[in-house]
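Taking it in order: structure first as structure tokens, then the write-up.
Proteins come first, then strands; the chains are lettered A, B, ... in the order of their sequence lines, and each starts at number 1. Heavy atoms only: backbone and side chains are in, while hydrogens, waters and symmetry mates are out.
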2 protein chains.
Amino acid sequence: MSMSGTGQHDPPGCRAREVLDLVADKWSLYVVAFLGDGPRRFTELKRGIDGVSQRMLTVTLRGLERDGILTRTVYEVMPPHISYQLTAMGTTLLQATAPLIEWSSRHLDSIDAARTAYDARASRPRTIAD
Amino acid sequence: MSMSGTGQHDPPGCRAREVLDLVADKWSLYVVAFLGDGPRRFTELKRGIDGVSQRMLTVTLRGLERDGILTRTVYEVMPPHISYQLTAMGTTLLQATAPLIEWSSRHLDSIDAARTAYDARASRPRTIAD
DNA sequence: CTGAATCCACCGGGATACTG
DNA sequence: CAGTATCCCGGTGGATTCAG
């Protein structure tokens, strides 16, 4: 990977951070994952993504649309019908996140254990065993 | 991946979010990537990771240590010498992020283009072509 | 050298109310 | 149905200072 292997981090031109920011916000990956199954409309996403406010769903969708991750298609009917779906790039993003999601499901327990152990150590006065 | 394929997002038990949060913060992935080349001490990380404040480096290192991603080894000498290095789990995390980093380097230009196009459209009054 | 502590500005994001 | 507008709170993270 581009961020390692030289002992130096990449020069200022390393912009991987921007992509991280792209998916790091609270809801983007949920939306992308959800759209992985096909086009969805606003209310379907709202219902399907637990806990998202309609404001944040709007903001998230706008951001992903702007970045070319998904498209927004308006059907001029009554009542309004708007469909969101992944672009080709959005689909590749979804695939690129798969290993990380996979990793998470495999290591969440280990992380929990590590945290518990760490917190136990931190909250108890030190002994010579430390 | 566990978040897609059923047309339903995972139940509340889906905790992939926690891992995203793990790596989503501003500096964690930089630290992990940097330690991918081997153990480093505080000042080396501080110098190597452009823009990180000493506070955020400390906070980030503590968090990653707590989660079992890296270890902190203290050498009782003068001046103090403290070494940080990835755990086995940290190494697998680094590998899991590789596709995302790879994706980013391949699509940053496309994203820029999409943003530019989107912003141009948004800032200009609509025509019948829209 | 490797932090901890404190102060503070910024903004992500939730609640709520209103609109085409 | 699919938003927009406004208010406001809490957390993130930078700057600075102090300490072992």
Side-chain angles (χ1 to χ4, degrees), chain A residues 17-31 34-35 39-67 70-85 118-119 121-123 125-126 130, chain B residues 12 17-18 20-32 34-35 39-67 70-85 118 121-123 125-126 130:
Chain A
R17 158 62 42 201
E18 297 185 34
V19 172
L20 253 357
D21 292 342
L22 185 72
V23 300
D25 72 273
K26 204 168 180 181
W27 304 108
S28 286
L29 272 193
Y30 282 140
V31 170
F34 209 80
L35 290 181
R40 292 287 185 272
R41 48 196 299 184
F42 189 87
T43 307
E44 293 174 323
L45 290 166
K46 177 76 169 65
R47 275 201 315 266
I49 301 175
D50 192 57
V52 70
S53 67
Q54 119 262 66
R55 173 186 134 84
M56 286 319 298
L57 182 54
T58 299
V59 170
T60 301
L61 287 169
R62 285 292 174 282
L64 292 173
E65 183 193 4
R66 184 170 108 103
D67 290 337
L70 56 79
T71 58
R72 177 176 183 269
T73 307
V74 181
Y75 299 96
E76 299 282 1
V77 297
M78 272 301 289
H81 182 145
I82 299 183
S83 178
Y84 296 91
Q85 68 181 308
Y118 183 93
D119 294 346
R121 254 177 288 134
S123 63
R126 300 312 169 83
D130 293 346
Chain B
R17 160 59 43 201
E18 297 184 35
L20 254 355
D21 292 342
L22 185 71
V23 300
D25 73 273
K26 206 168 177 178
W27 305 109
S28 286
L29 272 194
Y30 281 141
V31 171
V32 170
F34 209 80
L35 290 181
R40 292 289 185 273
R41 48 195 298 184
F42 190 88
T43 306
E44 292 174 322
L45 290 165
K46 177 76 170 65
R47 276 200 316 267
I49 301 174
D50 191 57
V52 70
S53 67
Q54 156 251 50
R55 171 186 136 82
M56 286 319 299
L57 182 55
T58 299
V59 170
T60 300
L61 287 169
R62 286 293 174 279
L64 292 173
E65 183 194 3
R66 184 170 108 100
D67 290 336
L70 56 79
T71 59
R72 177 175 183 269
T73 307
V74 182
Y75 299 96
E76 299 283 2
V77 297
M78 272 302 289
H81 181 144
I82 298 184
S83 178
Y84 296 91
Q85 68 180 308
Y118 182 94
R121 254 177 288 133
S123 63
R126 302 311 168 85
D130 294 345

With respect to the phosphate group of [N], does any side-chain polar atom (N or O) of [X] fall under 4.0 Å of OP1 or OP2?
| X | N | answer |
| --- | --- | --- |
| B:Arg72 | C:dG3 | yes |
| A:Arg55 | C:dG12 | no |
| A:Thr43 | D:dA2 | yes |

Answer yes or no: side-chain N or O of B:Gln54 and base N or O of C:dA4 forming a donor-acceptor pair under 3.5 Å. yes

With sugar-phosphate meaning primed atoms plus P, OP1 and OP2, does A:Tyr84 contact a base, only sugar-phosphate, or nothing at under 4.0 Å between heavy atoms? sugar-phosphate

Using a heavy-atom cut-off of under 4.0 Å over every strand shown, decide if A:Arg41 touches base, sugar-phosphate, or nothing. sugar-phosphate

List the atom of A:His81, the atom of A:Val77, and the distance in Å for their closest heavy-atom pair. CB-CG2, 4.0 Å

Can you name the nearest heavy-atom pair linking B:Ile49 to B:Tyr30, along with the distance? CG2-CB, 4.0 Å

The nucleotide from D:dC1, C:dG3, D:dT4 with an atom nearest the side chain of A:Arg62 is D:dT4

Over how many whole Å does the gap from [X] atom [atom1] to [N] atom [atom2] extend?
| X | N | atom1 | atom2 | value |
| --- | --- | --- | --- | --- |
| A:Phe42 | C:dG20 | CZ | P | 17 Å |
| A:Leu57 | D:dA2 | CG | C1' | 10 Å |
| B:Glu76 | C:dC1 | CD | P | 17 Å |
| B:Ile49 | D:dG13 | CD1 | P | 14 Å |
| A:Leu45 | D:dA2 | CG | P | 9 Å |
| B:Lys46 | C:dA4 | NZ | P | 15 Å |
| A:Met78 | D:dA2 | CE | P | 12 Å |
| A:His81 | D:dC1 | NE2 | P | 11 Å |

Can you say whether the rings of A:Phe42 and A:Tyr84 are parallel (under 30°), tilted (30 to 60°) or perpendicular (over 60°)? tilted

So do A:Val31 and A:Leu70 actually touch side chain to side chain, heavy atoms under 4.5 Å? yes

Would you say B:Ser28 and B:Leu64 make side-chain contact, with heavy atoms under 4.5 Å? yes

Which is more 5' along DNA chain D, the nucleotide nearest A:Leu61 or the one nearest B:Lys26? Just name the residue. A:Leu61

